[in-house]
Amino acid sequence: MRRPYSLAVLALLAALLMAAGGAGPAFAAPSAVTVAEELQRSSVYIDPAYEEAVPRELQQRLRQAARKAPGNVRVALAPLVKGDQYDGDGREFTTAIRSRLPAGQRDGTFVTANDSYLRSYSWTGGRPDFKAPADDAEYLANFTDGDDGEAGDRSLGERVEVLLTLLREPADVLHRRAEKAKADVNDRARSYRSSGTVARVGGRNGIEIPWWLALIGVLAAGAIGVGVWRRSRRGARAANAPLPVLPDRVFEHARAAQRADLAEDADRELLALATVLDEAPVPATREGQDAYQRALDAYTGARRRMRDGAPTVDLVGVLVLVDHARDDLARAAALDAGRKPANRPALCFFDPLHGRAGRNAAWRDGLRVPACTACAEAVKSGQAPDALRDGDRPYFEADTVWARTGYGTFGDDLVERVARGDR
């Protein structure tokens, strides 16, 4: 007997809310170092949070299937939620894992999951590979029925097993299967629209809902997925040779730019940093690894602030965090080589877009802050410096992480504050 539509509506809305925001995490996401160390011993890492969903017998089958799959395939299943150190982003999770693997083990396919759906990320020659066979296998494992039953009835572990088995097929055969499956889904959607029939959510034991409600769900989930897909593929462009810190010309150009151009500048520098991080070797010394981790944290924090419609103070913050990340990478390399790291030249406190500070200026209550020459002269003559604005006031008069830290002027905890979600 068909269930009432009200139950279907509630179930679908609950699923969409979980997809859009997610519930609070019951388990913390694991350290990328921990996962990388495990993946060097075994091709499959299953977080304790998934031990019931992926029992030991199935884990063993997954390890065997991963060994038989062509290429270097690793599986890392861990709870990822919005707001954790990876911001719930599978690409950030796998990128962090890759960075902690030996250089010769970073290519290949990494399989992880968001909620109950698989996500695969592949690298070839140190670069993201967006046409890898794993993309087709991911789609088929997530959304198409097979001899094992309906896709909606598969557990997360069973989806992984299907994906690993599919990878053993020739790439061209796998691609044709995936394209046919996508066409079949489109045909069914058109059939629902023309006939007014119901769609089933949740496999053979799921609920039946009208086609129009199913279509709303598909479109909403698709919009979420496109947003994640676009964000996850940032960082795939080539970069120039890495610099210890951002050159002055970057800040000069950003200073002259309108907000839209500033966003492009910040996005471009963030993309370049992603490639530099991906190519940088993992330090061998503990001190170098700590600096390297700070660079990764700065990058992650910057990515979280790099969103559509971000205010100017956040876009400036992205450039500052990129500057911190590049400095920490240079520091990591120096420490690893046994050299004394150079100190990062400070940016102008009043507006980081002014570039490097030329001197310290005596500001309020005797506080001395780094300032560019123009701002230092203004303060010395009793005039208001040309400060970055946050709405209708100087940024340092607002209650933001940028104001509380002076964009990193008042201490060395800016990266940590942004990484933990301070606003």
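These values consider heavy atoms only, across backbone and side chains, with no hydrogens, waters or symmetry-generated copies. These numbers come from a predicted model, not from an experiment.
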Engineer: Checking side-chain polar atoms at under 3.5 Å, does Ser122 have a donor or acceptor matched by the opposite partner on Asp129?
Structural biologist: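 No, because no side-chain N or O of Ser122 sits under 3.5 Å from a partner of the opposite role on Asp129.
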Engineer: Between Asp136 and Arg177 (salt bridge meaning N to carboxylate O under 4.0 Å), is one present in this structure?
Structural biologist: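 Not counted as a salt bridge, because no side-chain N and carboxylate O are separated by less than 4.0 Å.
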Engineer: Could you work out, with side chain to side chain donor-acceptor pair (under 3.5 Å) as the rule, every residue matching Asp390, not counting sequence neighbours?
Structural biologist: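 Not a single residue meets the side chain to side chain donor-acceptor pair (under 3.5 Å) criterion with Asp390.
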Engineer: Just to verify, what does Asp399 make a side chain to side chain donor-acceptor pair (under 3.5 Å) with, not counting sequence neighbours?
Structural biologist: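 Side chain to side chain donor-acceptor pair (under 3.5 Å) list for Asp399, sorted by chain: Arg404.
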Engineer: Less than 4.0 Å between a side-chain N and a carboxylate O, is that true for Arg364 and Glu397?
Structural biologist: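 A salt bridge is present here (some side-chain N lies under 4.0 Å from a carboxylate O).
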Engineer: Taking all non-hydrogen atoms of both residues into account, name the closest pair between Ala29 and Tyr86 and its distance.
Structural biologist: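 Heavy-atom minimum between the residues: CB-CE1, 3.8 Å.
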Engineer: Taking side chain to side chain donor-acceptor pair (under 3.5 Å) as the definition, give me every residue that meets it alongside Arg98, ordered by chain and number, with sequence neighbours left out.
Structural biologist: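 For Arg98, the residues satisfying side chain to side chain donor-acceptor pair (under 3.5 Å) (neighbours in sequence not counted) are Asp278.
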Engineer: The criterion is ring pair (Phe, Tyr, Trp, His ring centres under 6.0 Å); which residues satisfy it with Phe396, sequence neighbours excluded?
Structural biologist: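 Here the qualifying residues are Phe349, Trp363.
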Engineer: Looking only at atom types and distance, does a side-chain atom of Asp107 sit under 3.5 Å from a main-chain N or O of Gly125, one as donor and one as acceptor?
Structural biologist: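 Side chain of Asp107 to backbone of Gly125: a pair is present.
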Engineer: Hey, are Asp89 and Arg304 close enough for a salt bridge, meaning a charged N less than 4.0 Å from a carboxylate O?
Structural biologist: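 The answer is no: the pair does not qualify as a salt bridge.
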Engineer: So, Glu161 side chain and Ala65 main chain: donor-acceptor pair closer than 3.5 Å or not?
Structural biologist: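 No; judged by distance alone, with no hydrogens or angles, the pair does not exist.
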Engineer: Just checking, any donor-acceptor pair under 3.5 angstrom between side chains of Ser42 and Arg63?
Structural biologist: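 Their side chains do contain a donor-acceptor pair, which is all the 3.5 Å distance test asks for.
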Engineer: Hey, is the main chain of Pro283 close enough, under 3.5 Å, to the side chain of Gln289 for a donor-acceptor pair?
Structural biologist: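 A pair under 3.5 Å: yes.
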Engineer: State whether the side chain of Glu158 and the backbone N or O of Ser155 hold a donor-acceptor pair below 3.5 Å, judged by distance alone.
Structural biologist: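 Checked: pair present.
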Engineer: For Thr285, is there any backbone N or O sitting under 3.5 Å from a side-chain donor or acceptor partner on Asp336?
Structural biologist: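 Answer holds: yes.
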Engineer: Could you tell me whether Asp297 and Arg294 have a side-chain N and a carboxylate O separated by less than 4.0 Å?
Structural biologist: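 Judged by the 4.0 Å cut-off on N to carboxylate O distance, Asp297 and Arg294 do not form a salt bridge.
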Engineer: Using a strict 4.0 Å threshold on nitrogen-to-oxygen distance, state whether Glu38 and Arg41 make a salt bridge.
Structural biologist: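 A salt bridge is present here (some side-chain N lies under 4.0 Å from a carboxylate O).
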Engineer: Looking at CG of Leu296 and OG1 of Thr95, how far apart are the two atoms once the value is rounded to the nearest 0.5 Å?
Structural biologist: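 Output value for this atom pair is 9.5 Å.
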Engineer: To the nearest 0.5 Å, how far apart are CG in Leu140 and CG in Leu163?
Structural biologist: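 Taking CG in Leu140 and CG in Leu163, the distance rounds to 9.0 Å.
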Engineer: Main chain of Ala325, side chain of Asp328: is a donor-acceptor contact present, judged purely on distance under 3.5 Å?
Structural biologist: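 Judged by distance alone, no pair lies under 3.5 Å.
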Engineer: Report yes if the distance between the aromatic ring centroids of Tyr407 and Trp402 is under 6.0 Å, otherwise no.
Structural biologist: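 Here the rings of Trp402 and Tyr407 have centres that are less than 6.0 Å from each other.
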Engineer: Using 0.5 Å steps for rounding, measure from the CG atom of Leu156 to the CD1 atom of Ile46.
Structural biologist: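 Rounded to the nearest 0.5 Å, the CG-CD1 separation comes to 8.0 Å.
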Engineer: Would you call Arg359 and Glu377 a salt bridge, using N to O less than 4.0 angstrom?
Structural biologist: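 The answer is yes: the pair qualifies as a salt bridge.
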Engineer: What heavy-atom pair brings Ala302 and Leu270 nearest, and what distance separates the two atoms?
Structural biologist: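 Ala302 and Leu270 have their closest heavy atoms at CB-CD1, 3.7 Å.
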Engineer: Please name all residues satisfying side chain to side chain donor-acceptor pair (under 3.5 Å) with Thr34, sequence neighbours left out, ordered by chain then number.
Structural biologist: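 Thr34 satisfies side chain to side chain donor-acceptor pair (under 3.5 Å) with no residue once adjacent residues are dropped.
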Engineer: Indicate yes or no for a side-chain donor-acceptor contact from Arg356 to the backbone of Ala346 under 3.5 Å, with no hydrogens or angles considered.
Structural biologist: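 No.
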Engineer: How many angstroms lie between CG in Asp386 and NE2 in His354, if you round to the nearest 0.5 Å?
Structural biologist: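 Answer rounded to 0.5 Å: 4.5 Å.
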Engineer: Looking at every non-hydrogen atom in both residues, tell me the closest pair between His324 and Leu414 and how far apart they are.
Structural biologist: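 It is NE2-CD2, 4.0 Å.
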Engineer: Please round to the nearest 0.5 Å and tell me the distance separating atom CZ of Arg423 and atom OG1 of Thr400.
Structural biologist: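 Between Arg423 CZ and Thr400 OG1, I get 9.5 Å after rounding to 0.5 Å.
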Engineer: Asp392: which residues meet the salt bridge (charged side-chain N to carboxylate O under 4.0 Å, His left out) condition with it, sequence neighbours left out?
Structural biologist: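 Asp392 satisfies salt bridge (charged side-chain N to carboxylate O under 4.0 Å, His left out) with no residue once adjacent residues are dropped.
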